[in-house]
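Structure record follows, encoded as C-alpha cells.
Naming convention: chains lettered A, B, ... in sequence-line order (proteins, then strands); numbering from 1 in each chain. What you see is a predicted model, and the numbers here were worked out from it, not measured in a lab.
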Amino acid sequence: MQELEKSYDASKVEANIYKQWLDSGYFNPDNLTCEKDAKHYNITLPPPNVTGTLHLGHALMLVVEDALIRFKRMQGDRTLWLPGTDHAAIATQSKVEAELQKKEGLSRHDLGREEFLKRVEAFAQNSHSTITAQMKAMGASVDWSRESYTLDQTRSRAVKTAFRRMYDLGLIYQGLRIVNWDVKGQTTISDDEIIREDRPGKLYTFRYSKDFPIAISTSRPETKVGDSAVAVHPEDTRYTQFIGKEYDVLFCGTKLHIKIVADESVDPLFGTGALGVTPAHSSIDWDIAQKNNLPHKQIIDERGRMLVEGSDLHGKKVLEGREFVVEWLKSQELLEKEEDIVQSMALAERTKGIIEPLPKEQWFIDVNREFSLPHSEISGIETGELVSLKRLMRHVVESGQIKIVPEHFEKIYYHWIDNLRDWCISRQIWYGHRVPVWYDSEGKHALPEEKTIHLARHAQCEGNAANILPGPDSKLTDLGRNQAKQLADNLRGKNITKIIASPFTRSQETARIVALELGLPEQQIEIWDEVQEIHVGNLVGKKEDPNLHDFAQAQKEGTGESLESIEKRVQQSIEKLESLKTEGSVLVVAHGGFNAVFMATLEGKKKEQYVAFRTKVGNIPNASFTTLTIVQDPEDSNLRQDNDTLDTWFSSGLWTFSTLGWPNNTQDLQDFHPTTLLETGYDILFFWVARMVLMSTTLTGQVPFKTVYLHGLVRDSDKQKMSKSKGNIIDPLDMVTKYGTDALRIALVFNTAAGTDIAFDEQKVKGMKHFANKLWNIARFVMSNVDKVEWSHKPNTDADREILGKLQATINSVTEHLEHYRLHEAAQSIYQFTWHEFADVYIEASKAQLLDETNKQNTKEVLFHTLITTLKLLHPFMPFITEHITSILSERNLRKHTEPLIVSKWPEA
RNA sequence: GGACGGUUAGCUCAGCUGGUAGAGCGCUUCGUUUACACCGAAGAUGUCACAGGUUCGAGUCCUGUACCGUCCACCA
C-alpha cells in the first residue's frame with residue numbers, strides 16, 4: 001500500500017479528478033441513475049462575456065452554483081447545470097476595435113464589416129477557450145454537451161423567432177426617438193450603459209434676441225439654434241402672461257420660431273426658470289415638444305458636428321460651435337450671465353465617449369402597451385388576457401412565482417419596473433444578431449417566418465425485418481408499406497405540400513406511398529443526398545446489436561462516416577430547408593441515425609448528446625415522426641436587411657429557454673423549464689434578470705426561474721472595486737495555483753451572506769488551504785487505524801455517542817442551510833464540526849479507545865463513518881479533495897459502495 | 001431628489017422564526033504526545049453606531065438621529 005504524503009498537494013490531483021468526472025458522464029442528467037419520480041433541479045449558467053478571462057466574481061458564481069448543483073445531485077435530483085457564453089456585442093466589439101487601433105492603427109471601417117467580424121469571431125473563440133479551461137479548473141460540474149453560445153445557430157433561430165412573435169404582438173416597433181448616441185463608438189447605447197462624470201462647465205444666461213421677453217439659461221448654447229420653444233412652469237407668475245405667444249427671432253444667423261409653452265417639469269428655481277426647448281437634442285425637450293406639437297430640427301450630426309445649413313456654424317465641432325455662439329452672444333450684448341458650474345456629463349460606459357442625444361429611427365420594445373398573452377401558465381394571468389410587459393414583470397414577483405434572495409432586492413426590482421421606459425433594442429454595431437427585418441424599396445417590412453417540418457423515419461425495410469444493418473437498396477416489406485400508409489394517415493391535416501426523401505430505396509418508397517395517400521403529386525417529392533443515412537461502412541449487412549452503437553463502432557473501425565461529415569450534411573440540410581419555398585409544411589423522410597443527429601443539431605446539443613441518444617434510446621421507430629420548427633428569412637434580391645444589430649440583452653433575455661432548444665418543443669424544454677434557480681450578481685438584476693422575466697413570460701408563458709439568488713460583488717481587501725486601472729485585480733487561477741481550488745472555493749463562500757459584497761482576503765484562502773490539509777490528515781489518521789470495517793457502527797463510549805450526535809446535528813444544519821441558500825452558514829457548520837469536533841475532540845479520544853480491546857472495533861467504525869459523512873457534507877464546497885480521499889478509500893476496499901462521491905447519497909437529515 | 005443597504009472583538013464578517021454574543025485571520029502564553037507545526041492546549045479583547053419605544057426579555061421588531069456605502073433619476 002502506498003504511503004500517503006504528509007501534506008495535501010492540490011496541484012497533483014485536481015486535473016485528474018476533473019477528468020474522471022468528465023469521463024463518468026455524471027454532469028449530464030441523462031446519465032444519472034435517478035428515481036423515476038426524481039425532481040428536476042437545474043441552473044442555467046449566467047454566460048460569461050467572451051471578452052477575456054474569468055475574474056473572482058465569476059469564480060464566486062461558479063462556486064455557489066456548483067455547490068448547490070452538487071448538493072442536489074447527491075440528494076438524487078435529476079440535475080442539470082447548463083453552461084454557455086455570451087457574445088456581449090458592444091463589449092466584445094469595442095475590445096477588438098481598441099486592439100485593432102492600437103496594434104494596426106486601423107478602424108473597423110478600414111476592414112469592412114465581413115473582415116472585421118472575422119476578427120471578432122477569432123477573438124471570441126480565443127476567449128471562449130480560456131473561459132472553459134478556467135471553469136474546468138474551478139471544478140464546475142456543468143453539462144458540456146449542452147453548452148450554448150448566445151450567437152450560435154440555435155440561439156439565432158430563437159432570436160429571430162422571438163423578434164417575429166413580439167413584432168406580431170405589437171410589442172416591437174420602430175420609432176423616431178431621442179437616443180443616446182455615442183459619438184466615439186458611432187452607436188446608440190441604452191440608458192443602462194451610460195456612466196456619469198462630474199466635469200466643470202459653464203451656465204450661460206441670455207436672450208435669443210434683444211426684444212425677446214424671456215432670458216433662458218443653458219450650458220449648451222450651441223444647441224439653441226435648434227430651439228422651437230421656451231418652456232416655463234405653468235404657475236410661474238413671472239411668465240404666465242407670455243404662455244401661448246409665439247416669436248420669430250434671428251439667433252446667431254438662424255431664423256427661429258419660438259413658442260412659449262407651459263410644462264410641469266420645468267423647475268422655476270433653476271436659472272431664470274425658463275427652459276429653451278431643443279427637441280432634437282434632449283429627451284426632456286423632445287417630450288415637451290411632443291406634448292405641444294412642436295417641430296424638431298436636428299442641428300448636430302452623428303460625428304458630433306454642427307448641422308446648420310447656410311450658417312458659419314455648419315461643420316464646426318460641437319465645442320467650436322459653443323465658442324462661436326458665445327462670442328456672437330457677447331458681440332450682440334445678449335449674454336446676461338456666465339457662471340461656473342459642475343456638470344455631470346453622460347459618457348458611454350465602454351468607449352468613455354461623450355453622449356450626444358440625437359433623434360434616430362430605432363427599434364423599441366413597448367413596455368406599457370397592452371397585448372393579449374398568447375399562452376399563459378402563470379397563475380393569476382389567463383391565456384389571452386390583456387397584459388402589459390410591465391404588469392407581467394411585476395406580477396410574477398408580487399405573486400411569489402419568482403422569489404428573490406435576499407428578499408430586499410424585490411423592492412429594488414419593483415422600483416426599477418415602475419420607472420421603466422421603452423427598451424431600445426437596436427445598436428449601430430456589427431457584432432451581434434442583425435435586426436431580422438428586411439425593407440423593400442418602399443420601406444415596407446418583411447420578417448422571418450416560422451416553418452413547420454415533420455421529420456420522419458422510413459418504414460420497415462427488409463434489412464430492418466432481418467435485424468441487420470441495411471444497405472441503400474433494401475426495399476420496404478409488406479409491413480413497411482402498411483406503416484407508410486399509417487404515417488400518411490397520421491400526417492393528414494398537417495397541410496404537407498413538399499416531401500424530402502433520401503436517395504435510399506426505403507426512404508423513397510415511403511415518401512411515394514405517403515404522397516399517394518395524401519394526394520400529393522410525385523413532383524413534390526425531392527431527393528436530397530444530404531439526408532441519407534449515416535454510412536456504417538463494412539458493417540452493412542451485419543447484425544444489428546442494440547448494445548453496440550453501430551455508427552460509433554463503424555467510425556472506430558475506420559470504415560464508417562466521420563462525425564464531421566455527418567454534421568456537415570445535417571447543417572446543409574437545415575440550410576436548404578430554411579430556404580425551401582413552399583406554401584404548407586414539409587415532410588422529411590430520412591433515417592434513424594440521421595434524424596437523431598438532425599434533432600440534436602436543431603436543439604443545439606453536442607455530438608456526444610446524440611451518440612448517447614442512439615445508444616440509450618436505440619432506434620427511432622419505423623415510420624414515426626417528430627414535428628420541428630425552423631425559421632426562414634425572407635428571400636428577395638430587392639429586399640435590404642436592416643444594418644443594425646440587437647442589444648446583447650435581447651438574446652441573453654431568452655437564455656433560460658433558448659438553451660433548451662426553444663422554439664422547438666424539446667424534451668429538455670419540457671423537463672427543465674421553468675429553470676429552478678437563477679444565480680447571479682445583483683449588479684445585473686435589471687440588465688438581465690428583469691429582461692429574462694420579460695422575454696420568458698411573453699414568449700413561453702412561463703416564468704424563467706422559480707428563485708433568483710443574488711450574490712455580492714467581490715472587491716479587494718480594502719473594499720475597492722477590482723479594476724484593471726487600479727491594478728488590484730486578482731486572477732482566480734493564481735489563487736488556485738497557490739492554495740488549490742478547494743481552498744479558494746470554500747474561502748469565497750465562508751462567512752459571506754448572499755447579496756453583500758465580499759472584501760477578498762488572500763489570508764482567508766490560505767487558511768482554507770490549511771483546512772484542506774487538516775482534512776487530509778484526518779483521513780490519513782483514519783486510514784492508518786482502520787483496516788476492516790464491519791459496517792455496523794455501534795457507539796460504545798460517551799465520546800462515540802457524542803461525536804455521532806454532533807455529526808447528526810451537523811448533517812441537519814448543513815442540509816437545512818443549503819436548502820435555504822445559506823451557503824456561508826453551511827460551510828461554517830461543517831468546517832467547525834470537522835476541525836473542532838471530529839479532529840480536536842473525537843480523534844484525540846479515539847487514540848486511547850483504539851488501545852482498549854473492548855472499544856477498538858466500535859472506535860474504528862465511528863471513525864470511518866464520521867469520515868465518510870464529513871466528506872459528503874464537504875463535497876459541495878471542496879469537491880476535489882473529498883473525491884480524491886474517497887477514491888483512495890475505494891482503492892483500499894474500505895467502502896461498502898464504490899461509486900464516486902459526486903453521485904453518492906447525501907446523508908439523511 | 002428618490003430608493004435600498006450597512007454601522008457587532010484589532011481586521012474581515014456571520015448571527016435564519018427575539019431568550020443574557022460567534023467564526024476566520026491576527027494577538028498572548030505554553031507545548032515537537034508517531035494524523036497534521038499547513039499542528040495542539042490555554043487565554044485576552046465587544047454598554048452589538050446613538051436616542052427612544054414594543055416586550056417578562058432586543059444585536060434581532062418599531063420610530064427617529066448620525067455617519068458610511070450602493071443603485072436609480074435629474075442637473076436646461
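- Using a 4.0 Å heavy-atom distance criterion, A:Arg822 is classed as a base contact.
- Across the protein-nucleic acid pair, A:Leu775 atom CG and B:A35 atom P stand 17 Å apart, rounded to whole Å.
- The environment of A:Lys12 atom NZ is sparse: at most 12 non-hydrogen atoms of other residues, nucleotides or ligands sit within 6.0 angstrom.
- Distances shorter than 4.0 Å separate some side-chain N or O of A:Lys6 from OP1 or OP2 on B:C36.
- Between A:His296 and A:Trp286, the ring planes lie tilted relative to each other; the angle falls in the 30° to 60° range.
- Rounded to the nearest Å, the gap between the P atom of B:U33 and that of B:G19 is 45 Å.
- An OP1 or OP2 oxygen of B:A14 is reached within less than 4.0 angstrom by a side-chain nitrogen or oxygen of A:Thr756.
- Between A:Tyr682 and A:Phe409, the ring planes lie parallel to each other; the angle is under 30°, not in the 30° to 60° tilted range.
- Distances shorter than 4.0 Å separate none of the side-chain N or O atoms of A:His770 from OP1 or OP2 on B:C25.
- Proximity of A:Lys411 to the phosphate of B:G5: a side-chain N or O atom is located under 4.0 Å from OP1 or OP2.
- None of A:Asp787, A:Asn855, A:Asn785 except one satisfies the side chain to side chain donor-acceptor pair (under 3.5 Å) rule with A:Lys860; the exception is A:Asp787.
- Across the protein-nucleic acid pair, A:His233 atom NE2 and B:C74 atom P stand 18 Å apart, rounded to whole Å.
- Residues A:Arg745 and A:Ala67 share a closest heavy-atom pair of NH2-N, 4.2 Å.
- The interatomic distance linking A:Ile730 (CD1) with B:U12 (P) rounds to 16 Å, in whole Å.
- Taking atom CD1 of A:Ile830 as the reference point, atom P of B:A14 lies 21 Å away to the nearest angstrom.
- Across all strands shown, A:Glu844 has heavy atoms under 4.0 Å from base atoms, whether or not it also approaches the sugar-phosphate.
- A 6.0 Å sphere centred on CD1 of A:Ile354 holds no more than 12 heavy atoms belonging to other residues, nucleotides or ligands.
- Contacts of A:Phe409 with the nucleic acid, taken as non-hydrogen atoms under 4.0 Å apart, are absent.
- Taking the six-membered ring for Trp and thresholds of 30 and 60 degrees, A:His884 and A:Trp776 have nearly parallel ring planes, at less than 30 degrees apart.
- Across B:C67 and B:A44, the matching C1' atoms stand 30 Å from one another, rounded to whole Å.
- Between the CG atom of A:Asn773 and the P atom of B:A37 there is a distance of 8 Å, rounded to whole Å.
- Going from the P atom of B:G46 to that of B:C74 covers 50 Å, rounded to whole Å.
- Taking a 6.0 Å sphere around NZ of A:Lys390, one finds it holds more than 12 heavy atoms contributed by other residues, nucleotides or ligands.
- Counting non-hydrogen atoms under 4.0 angstrom, A:His824 reaches the backbone sugars and phosphates but no base.
- Spacing of C1' atoms, B:G26 relative to B:A9, comes out at 11 Å, to the nearest Å.
- With pairs defined as Watson-Crick or G-U wobble and both atom distances under 3.5 Å, the stems of at least three pairs that touch RNA chain B come out as B:1-7 with B:66-72, B:10-13 with B:22-25, B:27-31 with B:39-43, B:49-53 with B:61-65.
- When each of A:Asn777 and A:Ser217 is assigned the nucleotide of RNA chain B with its nearest heavy atom, A:Asn777 is the one assigned upstream, toward the 5' end.
- For the pair A:Thr866/A:Tyr842, no side-chain contact is recorded, criterion being any heavy-atom separation below 4.5 Å from C-beta on.
- The P atoms of B:G64 and B:G6 are separated by 16 Å, rounded to the nearest whole Å.
- Across all strands, A:Asp840 comes closer than 4.0 Å only to sugar-phosphate atoms, never to a base (heavy-atom distances).
- No more than 12 heavy atoms of other residues, nucleotides or ligands sit less than 6.0 Å from atom CZ of A:Arg421.
- Shown here are the side chain to side chain contact (heavy atoms under 4.5 Å, CB included) partners of A:Ala747, two or more places apart in sequence or in another chain: A:Lys764, A:Val765, A:Met768.
- Residues from residues 270-286 of chain A with heavy atoms under 4.0 angstrom of RNA chain B, sorted by number: A:Phe270, A:Leu275, A:Ile284.
- In this entry the distance linking CZ of A:Phe781 with C1' of B:G40 reads 14 Å, nearest Å.
- A 4.5 Å side-chain heavy-atom check between A:Arg895 and A:Thr886 finds at least one atom pair inside the cut-off.
- The residue A:Phe771 sits apart from the nucleic acid: no heavy atom pair falls under 4.0 Å.
- With RNA chain B read from its 5' end, the first of the two nearest nucleotides for A:Gly767 and A:Lys719 is the one closest to A:Lys719.
- Close to B:U70, at under 4.0 Å from its OP1 or OP2, lies no side-chain N or O of A:His408.
- Atoms CD1 (A:Ile778) and P (B:G40) sit 10 Å apart, rounded to a whole Å.
- Taking atom C1' on both B:A23 and B:A14, the two are 7 Å apart, rounded to the nearest angstrom.
- When side chains are defined from C-beta on, A:Pro879 counts as touching A:Asp742, because their heavy atoms get closer than 4.5 Å.
- Look at A:Lys847 and you'll find a side-chain N or O under 4.0 angstrom from OP1 or OP2 of B:A35.
- As rounded to the nearest Å, B:A51 and B:U8 have P atoms that lie 15 Å from one another.
- When heavy atoms are screened at a 4.0 angstrom cut-off, A:Ala839 is found touching base atoms of the nucleic acid.
- Residue A:Lys774 places none of its side-chain N or O atoms closer than 4.0 Å to OP1 or OP2 of B:A37.
- OP1 and OP2 of B:A23 both lie 4.0 Å or more from every side-chain N or O belonging to A:Trp835.
- At whole-Å resolution of the value, CG in A:Leu710 and P in B:C71 are 15 Å apart.
- Only the C1' atoms considered, B:U55 is 12 Å distant from B:C62, to the nearest whole Å.
- With distances taken from any side-chain atom of A:Ala759 to the nucleotides B:C13, B:G24, B:A14, the minimum falls on B:C13.
- Note on A:Val266: a base of the nucleic acid sits closer than 4.0 angstrom, heavy atoms only.
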